[in-house]
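In what follows, a single structure is set out as structure tokens and then discussed.
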There are 2 protein chains.
Amino acid sequence: MSEQRQQATRRHTCERCPLRPLPIFRDFAESELDFVASFKKGELTAERGASVLIEGSHNAHLYTVLSGWGFRYKMLPDGRRQILNYVMPGDLIGLQGTLMGEMQHSVEALSPLLLCVFERNKLEQLYKCHPGLAFDITWLAAREEQMLDENLLSVGRRTALERAAFLIASLTMRAKAVGLNGNGAVGLPITQQLVADTLGLSLVHTNKTMRKLADRGLIRWRDRGCEVLDLERLREIAHSEFPEETKRPLV
Amino acid sequence: MSEQRQQATRRHTCERCPLRPLPIFRDFAESELDFVASFKKGELTAERGASVLIEGSHNAHLYTVLSGWGFRYKMLPDGRRQILNYVMPGDLIGLQGTLMGEMQHSVEALSPLLLCVFERNKLEQLYKCHPGLAFDITWLAAREEQMLDENLLSVGRRTALERAAFLIASLTMRAKAVGLNGNGAVGLPITQQLVADTLGLSLVHTNKTMRKLADRGLIRWRDRGCEVLDLERLREIAHSEFPEETKRPLV
DNA sequence: CGGCGTGTTGACCGCTGTCAAGGGCAGTGG
DNA sequence: CCACTGCCCTTGACAGCGGTCAACACGCCG
């Protein structure tokens, strides 16, 4: 019934989801797919630099990234900014705001961003009728928590060089897992200012740190992005576990 | 049937849960209480300094803190440690391990700790039969994520003094919310070494920072703990929002 | 052309880490 | 009752990592 209206506002049907066929995502049952399709209210696009979610606002929507990059951040009253994590295809955003009312962080698009929009209202039904999907949402929340743990360890205890290497390496691995830049060279659409705000460093010191990595031939900066040349050595410098990505749900 | 065995291993029945009457926790339906009671497998106690969960292990249990304090942390191969968050009565721990298999962080008792033990096996049934509880678990995961966001902002962008004030203030407020130290003076069972590992600072510098707070009459250190004297001014120094705690679930 | 965003560098300084030492207190064992 | 040990808080001296300030280069675009 409302199916047509929905069709009108979306260009990608769930049946032909460009993400779901990726090996990283677990298989969904027919009934689950059907529900997700009905759960999806429409699509939202955001240009580079646009705010998708804003700290302090009451946005009742839930989103899954279909394509593009973005980042989650918080700010202090005086303007200091801390990037909490990056989002890329397959990631769920807005859960905190949906569950607890007010957004406690913002999300901004790093590149043109395409989002599937889900409505809060149907979340109850999801929990009632599709425990598997409910479990998936919890799973995704736990995964986000895990990434935050790792970032906190990084900012709190790693040196500037280690932090930088860790950030670049982990973003690269996440990107690969969702099929971005499969053709060899991996390009991260980030600026050094973003990196600085992620690592808890100043812009200048970030630049000097990145320069070290570049001088060693591990990365290269070109037109608004970071090109990764030697993922293995970056991982070594970060000396982190990097547990291999297992199958995960895609809501 | 197994009721008796369960009784044997627990001293606190869910019906007479010492936590649930607190105003901070939402009311549970009869059926929910019944399920939680059956979900509870037993109790676990841990002495100060004991490890409850260990990074890298496969522990299939889920726990709710009944009484006592603890902390979650991660370590780097060379021994550097980062405390991610603290746990206190009403907090759920072990969710990451339960959902994703391997623990990516450890949990240690700060004081004698009493835990309710839940078994992973029944989690599926919880999601199937009690969507409200399933929702609660997701909610708790989102809350943890929110606290981590705030900690990351702190470690990444706040000065040493701000971080210290923020940590003390937020722990104090959390403690008050679950009825700890209701009689005026609030005592946090932490050492300066713990604080250092939480804030991403060295022990020495942490000491000098805490000294500043103490000299201003905001806190006082005595027998293995931190006594809070002026919560309001600590909050001012941290200049953070500190959204008031809303009702929350207690699984 | 001029403005803007972004990367790059040098100079300088201070916050924070490291090293070292000492004090108070509780527990323990002679 | 008194060493003795371990844990924790405290302080001073010194060094260095990283912040701040300032300038410049380069490409893009109105």
Side-chain angles (χ1 to χ4, degrees), chain A residues 47-50 76 78-83 108-111 154-165 167-168 187-216 218-227 237, chain B residues 47-50 76 78-83 108-111 154-165 167-168 187-216 218-227 237:
Chain A
E47 290 312 306
R48 192 181 104 89
L76 288 172
D78 64 3
R80 283 174 285 178
R81 178 175 71 170
Q82 176 65 40
I83 293 180
E108 184 177 318
L110 259 182
S111 68
S154 216
V155 174
R157 288 301 180 205
R158 281 192 246 255
T159 66
L161 195 69
E162 290 168 344
R163 286 183 222 182
L167 174 65
I168 303 297
L188 308 176
I190 54 177
T191 66
Q192 296 191 359
Q193 180 64 68
L194 270 308
V195 174
D197 286 347
T198 309
L199 304 183
L201 298 171
S202 71
L203 173 58
V204 174
H205 197 256
T206 296
N207 176 277
K208 286 167 182 168
T209 303
M210 295 317 252
R211 195 94 288 286
K212 282 185 193 169
L213 292 179
D215 288 344
R216 296 190 196 177
L218 310 185
I219 61 171
R220 182 164 44 188
W221 288 89
R222 41 171 52 185
D223 41 59
R224 279 185 176 172
C226 176
E227 191 175 325
I237 292 175
Chain B
E47 289 312 305
R48 191 181 105 91
L76 288 172
D78 64 2
R80 283 174 284 179
R81 178 175 72 169
Q82 176 65 40
I83 293 180
E108 185 177 318
L110 259 182
S111 68
S154 216
V155 174
R157 288 301 179 206
R158 281 193 246 254
T159 65
L161 194 69
E162 290 169 344
R163 286 182 222 182
L167 174 65
I168 303 297
L188 308 176
I190 53 178
T191 66
Q192 296 192 359
Q193 180 64 67
L194 270 310
V195 174
D197 286 348
T198 309
L199 304 183
L201 298 171
S202 70
L203 173 59
V204 174
H205 197 256
T206 296
N207 176 276
K208 287 168 182 169
T209 302
M210 296 316 254
R211 196 93 286 286
K212 283 185 193 169
L213 292 179
D215 289 344
R216 296 190 196 177
L218 309 185
I219 60 172
R220 182 164 44 188
W221 288 89
R222 42 172 52 186
D223 42 59
R224 279 185 175 171
C226 176
E227 191 175 324
I237 293 175

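This structure is a prediction, so every number in the text was calculated from the model and none was measured. In what follows, every chain begins at residue 1, and chains take the letters A, B, ... in the order their sequences are listed. Both backbone and side-chain heavy atoms feed into the values below; hydrogens, waters and symmetry mates do not.
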Output the rounded distance in Å from CZ (R80(B)) to C1' (dT18(C)).
14 Å

Are any of the side-chain heavy atoms of R157(B) and D78(A) separated by less than 4.5 Å?
no

Hey, could you give me the CZ/CD distance between R81(B) and Q193(B), rounded to the nearest 0.5 Å?
6.5 Å

Below 4.0 Å: OP1/OP2 of dT10(D) and any side-chain N or O of N207(B):
yes

Please give, in whole Å, the distance from dC8(D) C1' to R220(B) CZ?
18 Å

R48(A) near the nucleic acid: base, sugar-phosphate alone, or nothing, with a heavy-atom cut-off under 4.0 Å?
sugar-phosphate

Heavy atoms under 4.0 Å, any strand shown: does G200(A) hit a base, just sugar-phosphate, or nothing?
sugar-phosphate

Point-to-point distance, once rounded to the nearest 0.5 Å, from CG of D197(A) to CD1 of I190(A)
11.5 Å

Taking atom P of dT8(C) as reference, at what distance in whole Å does atom CZ of R222(A) sit?
12 Å

If you check the Q192(A) side chain, which of dT10(D), dG17(C), dG7(C) turns out closest?
dG7(C)

Roughly, in whole Å, what's the span from CG in L203(B) to P in dC19(C)?
13 Å

Without decimals, in angstroms, what is the distance between L161(A) CG and dC17(D) P?
12 Å

Looking at Q193(B), does any N or O in its side chain come under 4.0 Å of the phosphate oxygens OP1/OP2 on dC8(D)?
no

Okay, side chain of R163(A), backbone of R158(A): is any donor-acceptor separation there less than 3.5 Å?
yes

Please answer whether the main-chain N or O of I237(A) pairs with a side-chain N or O of E162(A) as donor and acceptor at a distance below 3.5 Å.
no

Have a look at T191(B) and say if it touches a base, only the backbone sugar-phosphate, or nothing, with a 4.0 Å heavy-atom cut-off.
sugar-phosphate

For atom NE2 of H205(B) and atom P of dG18(D), their distance in whole Å
14 Å

Touch check for G49(B), heavy atoms < 4.0 angstrom, all strands: base, sugar-phosphate only, or nothing?
nothing

Starting from P on dT6(C), measure out to CD on E227(A) and report it in whole angstrom.
19 Å

Roughly how many Å is it from CG in L201(B) to C1' in dT18(C), rounded to a whole number?
14 Å

Closest-nucleotide ordering on DNA chain C, the 5'-leading residue of V204(A) and S202(B)
V204(A)

